[in-house]
Amino acid sequence: TVRETKHGPRPFPEGFLFGTSTASYQVEGGWNAEGKSENIWDYLTHNNPCIVRDCSNGDIANDSYNQYKRDVEMMRELGLDFYRFSLSWTRILPTSFPDKINEAGIQYYNNLIDEMLKYNIEPMVTLYHWDLPQKLQEMGGWTNPHVVDWFADYARIAFEHFGDRVKYWITMNEPREVCYQGYGAATMAPAISISGFAEYLCAKNLLVAHAKAYHIYDKEFRQKYGGVVGISISAGWIEPETEKDTQAAFESSQFEWGQYAHPIFSETGDFPPVMKERIAAKSAKQGFFRSRLPEFTPEEVELVRGSSDFFGLNHYSTNIVYRDETAEDYNAGPSYYDDIGTTGYQPEDWPTAASPWLKKVPWGFYKLLTAIRTQYNNPNVIITENGYSTSVGDGYEDNDRVEYYKDYLDAMLDAIDEGSNVTAYTAWSLMDNFEWMAGYTELFGLYEVDYNSPQRTRTPRKSAFVYKEIIRSRQLDYHYEPDTTVMTID
Ligand code: GBH
């Protein structure tokens, strides 16, 4: 059960770790600096200048390519145990392939990593946070099965160059968003909408690519370096509208995040049975000669099964879902949501962030962690993202963000009390950044970034002071009121 009172000090478990997160395209800028080549976000934003809400792009973003020392200073101010960031594939491998390694790119990440380690801040590195080389996209990107080898080669290069200092690796950030938003809904680069087909091809290839990278680390690097490798899965909680929708909500969750979690974390592996059944049945009815969902070979099932040392969880919000098979009757052709056969919504009266999809529902976090514990035999969970957006001009008194963090950490502690093996928490984000199709209009930072200043000046919000105290005291205290006059490094 979820606590309902705003309480005094509540400790985190012994050894619990705290971090913040960013991603390369969202903060680095330097889009063509010193040998970097074009990725799918460079291409999309340059060729469709107003596809992003404020007609912006990540050409300069937070200029972290030049401002990384200030970033590390902020990590020290907060007292972070670790910092999660991602590598830009085209900064390291401008041809996409290992035939040419860009030394300036390697140097940039060495500088960042070494600066962090100087102050005992552990790097947690994501290999792929959405910035695929454009060249690979032109060869089909994640829908081309050869992407498995392309990604595995890139992963090996990263392990070779940074593995001596990086002990936490994440292969992929949010496969569901890569595949569904990128190839089904066209709401993310490469902005393809071939729903009902392309996102499933992507899912299979991405999972096998992830597993290949995992096994490369496991066989060739783990003994030497002793690190861990996982994947970050985006999962909202899906609540049934009424009791009769319980099965529908479960099935929806099997498509939305079980699609990626089940092949890795279940005992049997493979896509969830309900997904295989529903898509096969629909495909047959629609006149296809085979299921639109590609199959894993038995060898691939085994390769993917168990290929993660921890369950990286990106969680933000909750949806209510009910059974809705009406889409079947429209002659619109196959689609992901027609395959699922449910409709979701969020009640108007749930507190809403600047991002319309982001409603504060802490009990959903508790229920999701409970479901992961029971469905997958209590894996080690690392919360790799959780956070709240505000709007431009909302100022430094970000009380809504502070309340969101407190309530979500509290719900997480409830799940931990009941046995969930959550060992680390990562706030999204260290600072405001390029929020994909929303540009710079939805701001997730503990630090505000001034996009009118050449250095992209970073200033702590109230939430930064609160998070700092949570980390310092290793407890959550609803009554704590920070003095926000001056930020220090302790
Ligand atoms: C994460 O995505 C990303 O990893 C990060 O880069 C990003 O900046 C951050 O969160 C904040 O958005 O599909 O219309 O129903 C979050 C992914 C986006 C997944 C919203 C669920 C639901 C909206 N989430 N999405 S919709």
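Each ligand, and each atom within it, is numbered from 1 in the order the structure gives. Values below: every heavy atom of this structure, side chains too, minus hydrogens, waters and symmetry copies.
Any N or O atom pair closer than 3.5 Å counts here, and Trp436 shares at least one such pair with ligand 1. Note: an N/O pair closer than 3.5 Å links His129 and ligand 1 by distance alone.
When hydrogens are left out, the protein atom nearest atom 15 (O) of ligand 1 is Arg176 NH2, 4.9 Å; that is the closest non-hydrogen contact. What sits closest to atom 12 (O) of ligand 1 on the protein, heavy atoms only, is Glu435 OE2, 2.6 Å. With hydrogens left out, the protein atom closest to atom 3 (C) of ligand 1 is Glu385 OE1, 3.3 Å, a heavy atom.
Less than 4.0 angstrom separates some heavy atom of Asn173 from each of these atoms of ligand 1: 4 (O).
Within 6.0 Å of CD1 in Ile216 there are more than 12 heavy atoms belonging to other residues, nucleotides or ligands.
For Phe16 and Tyr425, the ring centers are positioned 6.0 Å apart or more.
When heavy-atom distances to ligand 1 are checked against a 4.0 Å cut-off, Leu358 has no atom that comes that close, whether in backbone or side chain.
How far OG1 of Thr20 is from CZ of Phe82: 8.0 Å, rounded to the nearest 0.5 Å. We find the CD1-OG distance between Ile170 and Ser21 to be 7.5 Å, quoted to the nearest 0.5 Å.
A heavy-atom separation below 4.0 Å is not found between Tyr180 and ligand 1. Ligand 1 is never approached by Glu442 to a heavy-atom distance shorter than 4.0 Å.
Between Trp257 and Phe311, the two ring planes are perpendicular [angle over 60°; tilted spans 30° to 60°]. Using cut-offs of 30° and 60° on the angle between ring planes, the pair Tyr128 and Phe151 is perpendicular. Between Trp130 and Trp436, the two ring planes are tilted [angle within 30° to 60°].
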